[in-house]
Amino acid sequence: MSASREHFSSRIGFILAAAGSAVGIGNLVGFPVNAAKNGGGAFLLMYALFVFLICLPVMIAEMAVGRNTAKEPVGAFKTLSKGSKLWGAAGFLGVLTPFMIAVFYMVITVWIFGYIALTVTGHLDYLASDVGFGEFINSPYLYIALIAVAGIVSFILAAGVKDGIEKAAKILMPALLTMLILMVVFVLSLDNAMAGVTFFLVPDINKITPSVVNGALSQAFFSLSLGMGILLTYGSYINKQTNIPNSAKLVAITDTSVAFIAGLMILPAVFSFNPEVNPSELSDSSVSLIFTFLPKIFLALQTSLGYVGASAVAAFFFLLVFFAAITSLVSIIEVPVSYLVTEKKHSRKKALGYLTLTAGVLTLFATASFGMVPFFTEFTSYAGGTKSLFDVIYDVFYDTILPLNGFLLCIFVSYRWKKKQLSEELSIGNENYKGSWVEKYINFSLGTFIPVIVLLIFINTVATKFFAANLFGF
Ligand code: TRP
């Protein structure tokens with residue numbers, strides 16, 4: 001199969017696809033609010049340092065493993081470890097994780113789709129009402145939205161790497177950036193917008209506590225699509241002329257810039273809605289922000305824009321979020337697709353069929369875990385609380401296994417594949433790599449402090465999430 005492996009047609013296509021994967025709902029809503037609440041400018045600076053000093057080496061290593069083997073996580077780990085069962089299992093975790101994350105991300109994307117449908121049909125007032133979201137997530141119409149979203153994602157993936165993933169990224173990413181900038185310009189023209197900008201940017205070093213540091217690092221790690229097998233799989237579709245460290249740097253810059261620019265949209269909007277707002281009371285969760293708080297802000301615009309105008313702004317915003325979500329979903333489902341095609345020798349269409357069916361059924365269950373079906377709603381309990389199926393998938397795969405995957409990758413690359421091989425791979429397409437300080441930094445950090453830090457995050461998450469114990473005081 002690898003002889004006929006498809007490739008991205010251009011470096012920019014690859015960068016846009018990888019950035020499309022990284023830019024998601026978290027960048028647009030979660031990041032701005034977290035940054036504003038947790039130290040403003042000081043948080044931003046710390047976040048940027050984490051992205052470049054800790055996350056970028058991991059991203060580069062993932063891409064290098066992918067390009068070197070021209071395989072997805074299972075095949076890549078097996079090939080480079082010369083068939084080790086243990087590393088094969090680590091690779092399998094790298095395929096199972098994206099599959100499960102796809103399920104919970106799909107649920108949220110389906111909701112976004114529903115919000116677009118309801119705003120364009122004139123129901124913004126309902127979504128902004130106190131009962132709106134609670135009723136919405138239990139509506140049987142969601143299943144129609146699920147079919148629509150699954151259809152769009154399958155349609156893109158069925159067309160392949162070049163004509164599907166790359167083409168979608170080339171259309172959706174520029175559209176997303178343009179829409180984001182238009183939204184920023186619009187929001188900045190509202191009353192009191194500048195108070196929001198100030199709140200977002202003015203540093204407050206006192207707010208940087210150990211738990212904020214931990215949160216910032218986890219957020220940077222997740223936001224860049226690390227530990228999901230995505231960058232490894234996308235890396236397997238790039239050619240030998242591509243300069244990996246440079247491309248990875250551009251992906252990280254794009255992802256971080258979008259998160260930063262989104263702050264210039266969200267915080268001013270919050271302040272223009274309510275200049276008296278105390279942002280430390282804003283919810284931490286992207287979900288409640290997007291689905292319950294923002295509709296109220298959009299509805300308030302009707303005093304100046306009228307109901308139709310306010311609905312149009314809301315629909316525009318949800319469409320922007322939808323584009324961000326679709327490119328992330330596509331990237332994450334490509335990992336199991338690639339596994340079935342490369343390792344199990346299925347045709348792409350058949351692989352997609354299996355996955356749409358299995359992920360679709362699981363998404364159905366997860367969608368029903370907000371009250372519709374008691375079995376999924378009260379699925380289990382740990383750390384003193386009842387957890388729905390959705391919570392379990394989120395806690396186990398997104399919060400816990402991702403850092404573990406990151407840790408395994410660092411150890412694998414440094415001590416099994418070996419740094420010499422990594423350097424060889426990275427110097428292809430980048431003649432100046434060998435002997436550079438970038439090489440020295442990557443080789444040193446990947447074998448020492450990065451895995452240690454990521455492992456600490458993993459242990460801390462397991463302790464807090466599942467045993468309600470806080471080991472390190474953060
Ligand atoms: N940056 C994404 C977000 O903010 C998180 C993410 C990265 C993601 N890669 C992904 C989510 C792939 C789903 C699929 O939401």
Side-chain angles (χ1 to χ4, degrees), residues 16-35 47 50-51 55 58-59 62-63 73 94-112 149-150 152-153 156-157 165 168-169 172-173 176 180 215-235 248 251-263 265-266 284-287 289-291 318 320-338 355 359 363 366 390 393-394 397-399 401-403 405-406:
L16 284 176
S21 167
V23 171
I25 298 171
N27 296 63
L28 294 174
V29 188
F31 174 85
V33 172
N34 266 336
Y47 183 86
F50 286 161
V51 165
C55 296
V58 181
M59 180 187 275
E62 274 203 37
M63 290 176 178
V95 171
L96 181 68
T97 312
F99 176 78
M100 295 306 288
I101 291 179
V103 169
F104 102 77
Y105 213 71
M106 184 92 133
V107 174
I108 298 188
T109 311
V110 165
W111 290 347
I112 300 275
V149 172
I152 295 172
V153 173
I156 296 175
L157 283 172
I165 299 174
L172 295 178
M173 285 308 283
L176 184 149
L180 180 62
L217 182 55
S218 317
Q219 182 156 15
F221 195 83
F222 299 152
S223 183
L224 291 172
S225 287
L226 303 181
M228 304 192 192
I230 295 174
L231 297 166
L232 192 158
T233 306
Y234 275 14
V251 173
I253 291 176
T254 310
D255 186 61
T256 310
S257 311
V258 168
F260 176 78
I261 297 171
M265 161 176 77
I266 299 290
D284 263 333
S285 107
S286 301
V287 166
L289 278 165
I290 293 195
F291 296 104
F318 289 123
L320 162 72
V321 178
F322 187 66
F323 285 175
I326 287 290
T327 45
S328 297
L329 259 184
V330 162
S331 74
I332 203 150
I333 299 179
E334 176 61 21
V335 180
V337 168
S338 183
L355 287 168
T363 308
F390 181 91
I393 296 177
Y394 183 91
F397 289 95
Y398 203 67
D399 257 357
I401 307 269
L402 273 193
N405 286 347

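Every number for a ligand or one of its atoms is a count from 1 in the order of the listing. Keep in mind that the numbers below use all heavy atoms, side chains included, and drop hydrogens, waters and symmetry copies. As the structure is a prediction and not an experimental result, all values here were calculated from the model.
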When you check ligand 1 against the protein, what N or O pairs turn up below 3.5 Å? List the atom names and distances, or just say none.
unit_1: ligand 1; atom_1: 1 (N); unit_2: A22; atom_2: O; d: 2.3
unit_1: ligand 1; atom_1: 1 (N); unit_2: N27; atom_2: OD1; d: 3.1
unit_1: ligand 1; atom_1: 1 (N); unit_2: S223; atom_2: O; d: 3.2
unit_1: ligand 1; atom_1: 4 (O); unit_2: G26; atom_2: N; d: 2.8
unit_1: ligand 1; atom_1: 4 (O); unit_2: N27; atom_2: N; d: 3.2
unit_1: ligand 1; atom_1: 4 (O); unit_2: N27; atom_2: OD1; d: 3.0
unit_1: ligand 1; atom_1: 9 (N); unit_2: S21; atom_2: O; d: 3.2
unit_1: ligand 1; atom_1: 9 (N); unit_2: S225; atom_2: OG; d: 2.6
unit_1: ligand 1; atom_1: 15 (O); unit_2: I25; atom_2: N; d: 3.2
unit_1: ligand 1; atom_1: 15 (O); unit_2: G26; atom_2: N; d: 3.0
unit_1: ligand 1; atom_1: 15 (O); unit_2: Y105; atom_2: OH; d: 2.9

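If you run ring pair (Phe, Tyr, Trp, His ring centres under 6.0 Å) between Y47 and each of F221, F31, F260, only F31 comes through.
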Would you list the atom pairs, donor with acceptor, under 3.5 Å between side chains in residues 224-235 and any protein atom, with sequence neighbours excluded?
unit_1: S225; atom_1: OG; unit_2: S21; atom_2: OG; d: 2.7
unit_1: T233; atom_1: OG1; unit_2: G229; atom_2: O; d: 2.7

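The aromatic rings of F390 and Y394 lie parallel to each other, with less than 30° between the two planes, well short of the 60° mark.
Taking the side-chain contact (heavy atoms from CB on, under 4.5 Å) definition, one finds that P403 meets it with F222, V454, I457, F458, sequence neighbours left out.
Residues in residues 99-112 take part in no side-chain hydrogen bond (donor to acceptor under 3.5 Å, both in side chains) pair, two or more places apart or across chains.
At least one donor-acceptor pair under 3.5 Å links the side chain of N27 to the backbone N or O of G24.
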